[in-house]
Amino acid sequence: MAYDHRSIEAHWQRYWDEHDTFRARRREGRPKLYILDMFPYPSGAGLHVGHPEGYTATDIVARYSRMKDIDVLHPMGWDAFGLPAEQYALQTGTHPAVTTQKNIATFKRQLKSLGFSYDWSREVDTTDPNYVRWTQWIFLQLFKKGLAFQDLVTVNWCPLLGTVLANEEVIDGKSERGQHPVERRPLRQWMLRITEYADRLESDLEGLDWPRGTLLMQKEWIGRSEGATVTFRIQGHPESFEVFTTRPDTLFGATYCVLAPEHPLIQTIVTDAERSAVTAYVAKAKNRAERDRAASKQKTGVFTGAYALNPVDDKPVPIWIADYVLMSYGTGAIMAVPGHDGRDWEFAKAFGLPIVEVVKGGNVSEAAYTDSEDGELIHSGLLDGLKPPAAKLRILAFLEERGLGTKKVQYKLRDWVFSRQRYWGEPFPIYFPVTTDGDPRTCAHTVHFDQPIAVEESELPLRLPDLEDFKPGDDPAGPLARAVDWRFFQKDGKWFARETNTMPQWAGSCWYYLRFVDPTNASAGWSPEAAKEWLPVDLYVGGAEHAVLHLLYARFWHKALFDLGFVSEPEPFKRLVHQGLILGEDGEKMSKSRGNVINPDDIVKAHGADVVRLYEMFMGPLEAVKPWQSTQIQGVVRFRDRAFTVGSRTTTDSIDAATQRLVHKTIKKVGEDIDRLAFNTAISALMVLVNHLQPQDPVPKEAARALALLVSPFAPHLGEELWSRLGHAQTLAYEPWPTFDPALVTEDTIELGVQVNGKTRGTVRLQKDADADVARALAEADGEVIRFLAGKEVKKFIYVPGRIINFVVG
RNA sequence: GCCGAAGUGGCGGAAUGGUAGACGCGGCGGAUUCAAAAUCCGUUGUCAGCGAUGGCGUGUCGGUUCAAGUCCGACCUUCGGUACCA
């Protein structure tokens with residue numbers, strides 16, 4: 001009897017819907033699990049095979065946990081603001097809201113067709129005014145707390161496209177789209193003071209059950225480093241400049257200084273002889289994206305003609321300009337110690353600058369010696385003979401005494417540029433006073449950006465105006481600036497102007513996990529009770545591309561909300577796992593242009609949802625990057641069909657010992673594998689069970705029951721179908737997960753490898769806990785082993801019960 | 001450049017420092033069939049050998065260990081991130 005996946009899967013999906021099977025419920029005193037997926041951006045392309053990968057993984061854990069009588073919150077929603085909808089609107093004139101709703105409908109249909117056990121009553125949409133309202137509300141809390149402020153930020157401005165571009169959209173100073181020139185230009189932006197949380201964002205990483213690499217990346221991104229600022233006076237000028245260094249101990253080895261091309265002192269100190277070269281270099285560097293600058297192997301730079309005075313000995317050192325020094329880190333100026341810093345060394349080599357050794361231990365004519373713990377200071381006056389850590393303390397004391405430097409903790413983390421000059425985002429709930437002679441919509445006017453005013457919380461949400469034209473235009477204020485009737489309003493006879501920037505897509509995704517605990521609350525983003533019931537998120541699964549930005553931004557918001565008393569846990573996501581990228585059949589990243597995109601709909605149609613789920617979980621470890629292979633699908637189709645055939649046979653109460661052992665071993669293995677998210681090996685164990693049962697007809701009832709229950713988290717439609725065929729009227733979603741008898745999962749006798757000098761030469765079968773003499777006697781009797789031991793002296797005999805026997809012979 | 005991850009048969013992969021290659025795909029052989037598909041059974045790292053069996057094998061080079069895919073060091077390659085794609 002063939003398995004008709006179409007009707008069976010449709011039947012069970014209808015059943016779950018009608019019975020509200022997966023509605024989250026919280027019972028007093030029960031354990032809970034909040035299992036969260038990174039919610040998708042509902043793109044026009046529809047679901048990608050990468051989505052069901054992570055979503056199946058969490059669904060397996062959710063279904064398994066319900067069967068273990070744990071209260072489960074497993075929600076889904078839409079991260080629906082964003083650029084593609086706006087760009088589509090630009091091309092077609094369709095309002096982004098329309099496109100977005102259409103795409104959401106498609107995504108929802110697709111996700112439902114895969115049988116995920118979401119509590120759909122909690123669905124959220126970041127563009128829904130009822131959601132935007134609370135995004136804006138959180139922004140206002142940040143604003144009132146002084147964490148949101150405005151600043152001038154240098155951005156990639158493309159005058160022809162009329163828009164700000166991401167670094168990756170700028171290639172060699174030209175826009176990726178259209179090859180138009182791009183200039184670096186300061187623009188008024190809203191910023192969030194994430195740097196205020198740098199310390200805690202770093203220290204609280206400890207104790208999170210996250211991938212080690214992700215923790216390291218966040219730590220590195222925050223980039224805490226302890227060092228000092230040192231003041232350098234400039235020869236023949238009243239001005240001085242500060243540098244930040246992590247190695248003040250090497251100050252005697254500073255043979256030149258470097259300013260970032262944007263450094264404000266450049267025009268003051270440059271000599272006439274060097275002026276034209278400097279101006280040309282600065283102009284060129286100015287329009288290079290920071291990433292280009294940091295990535296280039298070849299160091300470039302130019303001499304200013306000016307000299308700085310080393311504070312330790314007043315010796316003049318040349319001041320250079322180079323784009324490997326970034327204005328956005330530290331003070332935008334460095335003291336260069338080529339003997340003990342790799343980049344300074346390369347620069348000095350390239351420009352023939354002197355390299356002085358001040359820490360013994362390496363060979364500075366070959367490479368910089370960068371060890372900051374070991375070595376001995378030389379050529380360093382008062383520091384001579386010290387080790388670097390001691391030298392640091394000594395020089396700091398010296399500098400502080402003279403007011404020439406001080407201890408300083410520096411972070412790489414920068415404040416977060418939080419505004420975008422786009423249409424399809426949350427409007428800022430902020431307005432400004434306007435000075436005008438008449439009606440600012442038609443008359444000349446001045447907007448006082450330095451006096452931002454918060455919109456009353458009771459007036460939220462502040463909705464987007466309806467626009468016909470979403471083009472950015474030539475006004476860097478963004479498209480909302482053209483909605484003059486929305487932008488300008490009168491209050492108490494005075495004119496005001498709304499902020500016309502919008503928030504970035506991050507805003508909505510920074511707190512959606514909070515909304516899920518209380519999604520329909522109309523008087524708050526969430527209630528403290530609901531938050532206590534479900535937070536923190538126990539398992540969060542999503543792509544590694546979010547390792548830093550999204551996960552750091554969300555942690556930052558969470559901590560700010562924690563400080564304000566709106567949540568009671570300092571961290572939002574307890575356990576984090578990244579699913580690996582699924583590549584195309586050609587081993588390349590899936591993309592429309594390569595034509596290697598697999599549409600999950602096609603696989604569902606041809607083979608069923610359970611097959612998509614089983615295949616994606618069987619492909620390999622969840623976290624591994626792995627290529628799609630259509631030919632492999634056949635394997636899980638066979639498994640699914642065979643499991644159905646075997647599981648729907650008539651059953652018998654009798655069971656042979658070997659089958660019983662295997663059933664119990666499988667229960668153990670599948671449970672343990674789900675716990676460690678090793679779904680590929682869990683499915684493999686289920687295949688072994690089914691293969692074992694294949695020749696048995698009738699099939700033992702105990703085995704058939706276990707099969708239906710164990711397979712159900714992976715292939716829920718199949719599981720339910722088998723369960724109902726076993727005579728059950730109810731769903732198995734809350735059926736207790738089967739337990740195993742420990743006595744039945746261990747063998748009495750085992751086969752053990754016998755090695756001679758570490759090479760396996762034979763095997764012996766013995767009691768699991770046999771003692772060494774018995775093991776040795778058995779091993780020495782093995783035909784192969786005899787040959788390899790013949791005529792040799794056994795120097796050592798190693799027996800690790802249950803593991804190995806090894807003869808070391810001479 | 002910097003930060004992070006990964007390299008195992010023809011392919012996807014398995015393996016608490018302990019018999020490398022579970023499970024699956026593909027291949028080969030067989031059963032079934034008028035024939036095929038589907039299904040079922042067997043076999044399959046590689047080289048040498050009729051065979052028993054032996055040599056070689058987890059990106060490269062070196063090290064630790066009775067024993068290394070696994071631990072340590074250096075390197076190579078691929079992938080992710082690099083702050084306005086999210």
Side-chain angles (χ1 to χ4, degrees), chain A residues 2 38 40-41 79 82-84 153 155-156 163-170 189 211-221 223 290-299 324 328 342-343 346 412-422 504-506 509 543-550 552-553 578 580-581 583 587 589 615 618-621 623-636 638-639 641-642 645 678 680-681 683-688 691 694-695 751-755 757-763 784 787 795-798 800 802-808:
Chain A
M38 287 187 187
Y41 171 73
D79 187 16
L83 214 46
V153 180
V155 296
N156 305 310
T163 179
V164 177
L165 297 174
N167 280 334
E168 70 156 24
E169 297 173 296
V170 182
Q189 303 280 4
R212 202 179 49 97
T214 303
L215 293 172
L216 283 170
M217 272 198 277
Q218 290 225 347
K219 197 176 158 142
E220 188 61 37
W221 187 265
E290 250 181 34
R291 195 185 323 173
D292 277 359
R293 283 169 55 170
S296 59
K297 258 183 182 148
Q298 195 61 46
K299 294 271 181 293
Y324 78 97
S328 52
R343 283 167 309 172
E346 280 170 29
K412 271 196 208 124
L413 185 67
R414 313 202 288 253
D415 279 328
W416 175 12
V417 181
F418 192 66
S419 47
R420 300 291 183 269
Q421 294 70 46
R422 314 258 190 215
Q505 197 173 347
W506 304 116
S509 62
E545 66 273 20
H546 296 291
V548 181
L549 297 181
H550 159 66
L552 194 66
Y553 293 154
H578 301 303
L581 203 64
L583 305 172
K589 204 169 167 174
Y615 171 61
F618 188 61
M619 286 174 88
E623 283 153 288
V625 177
K626 42 211 179 277
W628 185 272
Q629 285 188 300
S630 293
T631 54
Q632 289 274 339
I633 293 173
Q634 203 44 239
V636 292
R638 271 183 207 135
F639 165 68
D641 290 348
R642 212 178 281 175
T645 309
N680 54 333
T681 50
I683 293 169
S684 158
L686 289 166
M687 286 173 167
V688 172
N691 289 345
Q694 165 71 29
E751 198 154 277
L752 205 58
V754 181
Q755 301 181 330
N757 283 346
K759 283 207 161 130
T760 304
R761 297 303 182 183
T763 58
E784 283 309 306
R787 288 188 7 179
K795 288 186 173 158
K796 197 168 174 186
F797 173 73
I798 289 148
V800 183
R803 295 271 173 246
I804 202 75
I805 294 169
N806 190 9
F807 292 94
V808 183

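Quick caveat: nothing in here was measured; it's all calculated off a predicted structure. Per chain, numbering begins at 1; letters A, B, ... match sequence-line order.
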For G17(B), which nucleotide is its Watson-Crick or G-U wobble mate, given both distances must be under 3.5 Å?
none
U70(B) pairs with which nucleotide, Watson-Crick or G-U wobble, both distances below 3.5 Å?
none
Given the 90°-from-0 boundary between syn and anti, G9(B) should be labelled syn
Round to a whole Å and report the spacing from CG of N167(A) to P of C84(B).
8 Å
Mind checking Q189(A) for me? I need base, sugar-phosphate or nothing, with any heavy atom below 4.0 Å counting as a touch.
base
Would you tabulate the nitrogen or oxygen pairs shorter than 3.5 Å linking the protein to nucleotides 61-64 of chain B?
none

For D641(A), does its backbone N or O pair with a side-chain atom of T645(A) as donor and acceptor, under 3.5 Å?
yes
For A547(A), does its backbone N or O pair with a side-chain atom of Q218(A) as donor and acceptor, under 3.5 Å?
yes
Say we look at U58(B) and A6(B): how far apart would their C1' atoms be, to the nearest angstrom?
14 Å
Write down the distance separating the C1' atoms in U46(B) and G21(B), rounded off to the nearest Å.
12 Å
If the P atom of C25(B) is compared with that of U44(B), how far apart are they to the nearest Å?
16 Å
Treating primed atoms plus P, OP1 and OP2 as sugar-phosphate and everything else as base, which nucleotides of nucleotides 19-32 of chain B get B, S or - for protein heavy atoms under 4.0 Å?
BS-BBBSS------
Within this structure, what is the NZ-to-P distance between K796(A) and A67(B), rounded to whole angstrom?
9 Å
Give L549(A) one of three labels, base, sugar-phosphate or nothing, depending on what nucleic acid heavy atoms sit under 4.0 Å from its own.
base
Can you tell me if the side-chain N/O atoms of R343(A) get under 4.0 Å from OP1 or OP2 in C2(B)?
no
Nearest heavy-atom approach of N691(A) to P695(A) is O-CD, 3.7 Å
Can you tell me the Watson-Crick or wobble partner of U64(B), both distances under 3.5 angstrom?
none
Under 4.0 Å between any heavy atoms, over every strand shown, what does V808(A) touch: base, sugar-phosphate, or nothing? Just pick one.
sugar-phosphate
Using a 4.0 Å heavy-atom cut-off across all strands, classify T214(A) as base, sugar-phosphate, or nothing.
nothing
Considering every strand and a 4.0 Å limit on heavy-atom distances, what is the contact class for D641(A): base, sugar-phosphate, or nothing?
nothing
Send over the distance from K219(A) NZ to A83(B) C1', rounded to a whole Å.
20 Å
Using atom P of each nucleotide, how far apart are G17(B) and A83(B) to the nearest Å?
38 Å
Using a cut-off of strictly less than 4.0 Å, decide whether N757(A) has a side-chain nitrogen or oxygen near OP1 or OP2 of A67(B).
no
Strictly distance-based, threshold 3.5 Å: is any side-chain N or O of N680(A) a donor or acceptor partner for the main-chain N or O of M619(A)?
no
Main-chain N/O of G758(A) paired to N806(A) side chain as donor or acceptor, under 3.5 Å:
yes
Parallel under 30°, tilted from 30 to 60°, perpendicular over 60°: which one fits the rings of W628(A) and Y615(A)?
perpendicular
Where does the angle between the aromatic ring planes of W506(A) and H550(A) fall among parallel (under 30°), tilted (30 to 60°) and perpendicular (over 60°)?
parallel
Looking at every non-hydrogen atom in both residues, tell me the closest pair between R414(A) and S328(A) and how far apart they are.
NH1-OG, 3.4 Å
Between P on U53(B) and CZ on R787(A), what's the gap in Å once rounded to a whole number?
8 Å
Relative to the 5' end of RNA chain B, which residue comes earlier, L583(A) or E169(A), by the nucleotide with the nearest heavy atom?
L583(A)
Looking only at side-chain N and O atoms, does Q629(A) offer a donor or acceptor that is under 3.5 Å from a partner on Q634(A)?
no
Could you state the CG-C1' distance from L216(A) to G4(B), rounded to the nearest angstrom?
8 Å
Regarding H546(A), tell me which of base, sugar-phosphate or nothing describes its non-hydrogen contacts under 4.0 Å with the strands shown.
base
Using the C1' atom in both, what is the distance from C23(B) to A68(B), to the nearest Å?
24 Å
Determine the interatomic distance between P on C41(B) and the same-named atom on U77(B); round to the nearest Å.
47 Å
Where the side chain of P621(A) is defined as all heavy atoms beyond and including C-beta, which of G13(B), A83(B), C84(B) is the nearest nucleotide?
G13(B)
Does OP1 or OP2 of A83(B) have a side-chain N or O of R414(A) closer than 4.0 Å?
no
E169(A) side, atom CD; L83(A) side, atom CG - distance, nearest 0.5 Å
7.0 Å
Complement of G42(B), any strand, by Watson-Crick or G-U distances under 3.5 angstrom
C28(B)
Looking only at atom P, what distance separates G45(B) and C11(B), rounded to whole Å?
14 Å
Does the side chain of K589(A) get closer than 4.0 angstrom to OP1 or OP2 of G80(B) through an N or O atom?
yes
Heavy-atom closest pair, residues Y41(A) and P84(A):
OH-CB, 3.4 Å
Hey, does E545(A) reach any base, or is it just sugar-phosphate, or nothing, if we go heavy atoms under 4.0 Å?
base
Return the value, rounded to whole Å, for the distance between atom CE of M217(A) and atom P of A6(B).
11 Å
Report the base-pairing partner of G51(B) (Watson-Crick or G-U wobble, both distances below 3.5 angstrom), or none.
none
Provide, to the nearest angstrom, the distance between the NE2 atom belonging to H578(A) and the C1' atom belonging to G80(B).
10 Å
With both distances under 3.5 Å as the test, what is the Watson-Crick or G-U wobble partner of A6(B)?
U77(B)
List the atom of W221(A), the atom of K412(A), and the distance in Å for their closest heavy-atom pair.
O-CB, 3.6 Å
Heavy atoms under 4.0 Å, any strand shown: does V625(A) hit a base, just sugar-phosphate, or nothing?
sugar-phosphate
Is it the case that the side chain of K626(A) and the backbone of A624(A) share a donor-acceptor pair, with hydrogens and angles ignored and the cut-off at 3.5 Å?
yes
Could you work out the separation of G69(B) and C84(B) based on their P atoms and round it to a whole Å?
45 Å
Would you mind reading off the distance between K626(A) atom NZ and U78(B) atom C1', rounded to a whole angstrom?
16 Å
